[in-house]
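Whatever order the structure lists ligands and atoms in, that order sets their numbers, starting from 1.
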Amino acid sequence: MAGSLTFAMLKPDAVGGGKSGAILAHIQQAGFAIRAMQMLRLTVTEAEAFYAVHRERPFYGELVEFMSSGPVVALALEAPDAVAAWRTAIGATDPAEAADGTIRKLFAESKGRNAVHGSDSDENAAREIAFFFPERELALLGVV
Ligand code: IDP
Ligand code: MG
C-alpha cells in the first residue's frame with residue numbers, strides 16, 4: 001500500500017447540499033486514493049455509537065441529530081501519512097477558522113454543519129473504517 005489509511009465522511013449538509021461530487025473531486029486532486037466508498041444514512045443509534053467519545057460534550061445531542069438527518073458518504077482514503085494529511089486538507093472544525101483552500105473553508109456551513117469528518121489518529125481511523133465497512137468488503141477491495 002502506497003501510504004496509510006484514514007476514514008473520511010461527507011456529512012449530511014454536504015451530501016444534501018449537492019456538494020458530494022465537488023468534494024470527491026477535491027479529495028482526488030489533493031492526492032488521496034479512494035479505496036472504499038458507500039452512501040448510507042445513519043440511524044440515531046449508529047450516530048450515537050460513532051460519536052460516543054463526545055457523549056459528555058454539550059453539542060452531542062445536536063451532533064447525533066444532524067449526523068442522522070440525511071445521507072452521508074463514508075470513505076476509506078489512502079495517502080502518505082493519511083490521517084495527518086486529511087486533517088490538513090479539511091481544515092479547522094469551525095469553517096470560520098479553517099485555512100484558505102481547505103475543504104471546510106470551501107464547503108462547510110458552520111462549526112456543527114462542517115461538511116466532512118476526519119479521523120484523529122491511526123487507531124481511530126482503523127476503528128472508524130471497521131465501523132462502516134465489513135472486513136469481507138475491505139478484503140475484496142484489496143484495502144486490507
Ligand atoms: P473534528 O470533526 O474537527 O475532529 P471534533 O471536536 O471531533 O471536531 O467534533 C466532532 C464534530 O462535532 C465536529 O466535526 C462538528 O460537526 C461537531 N461539533 C464540534 N464542536 C461543536 C460545537 O461547538 N457546536 C456544534 N457542533 C460541534
Ligand atoms: Mg474529531
Discussion item. Within the supplied structure, the quantity of interest is the number of heavy atoms (other residues, nucleotides, ligands) at a distance under 6.0 Å from Gln38 CD; does it exceed 12?
Written reply: yes
Item to complete: Take atom CD of Glu135 as the centre, draw a 6.0 Å sphere, and report whether it contains more than 12 heavy atoms from other residues, nucleotides or ligands.
Response: no
Worksheet item: Between Tyr51 and Tyr60, does the ring centroid distance fall short of 6.0 Å?
Response: no
Practice prompt. Give a yes or no answer on whether the side chain of Arg104 reaches the backbone of Gly91 with a donor-acceptor pair at less than 3.5 Å.
Written response: yes
Worksheet entry | Check: Phe131 ring centroid to Phe7 ring centroid under 6.0 Å | no
Worksheet, complete the sentence: Per the under 4.0 Å non-hydrogen criterion, ligand 1 touches Lys11, His54, Arg57, Phe59, Glu62, Leu63, Arg87, Thr93, Arg104, Lys111, Gly112, Asn114
Worksheet item: Got a donor-acceptor contact below 3.5 angstrom from the Lys19 side chain to the Phe107 backbone?
Response: yes
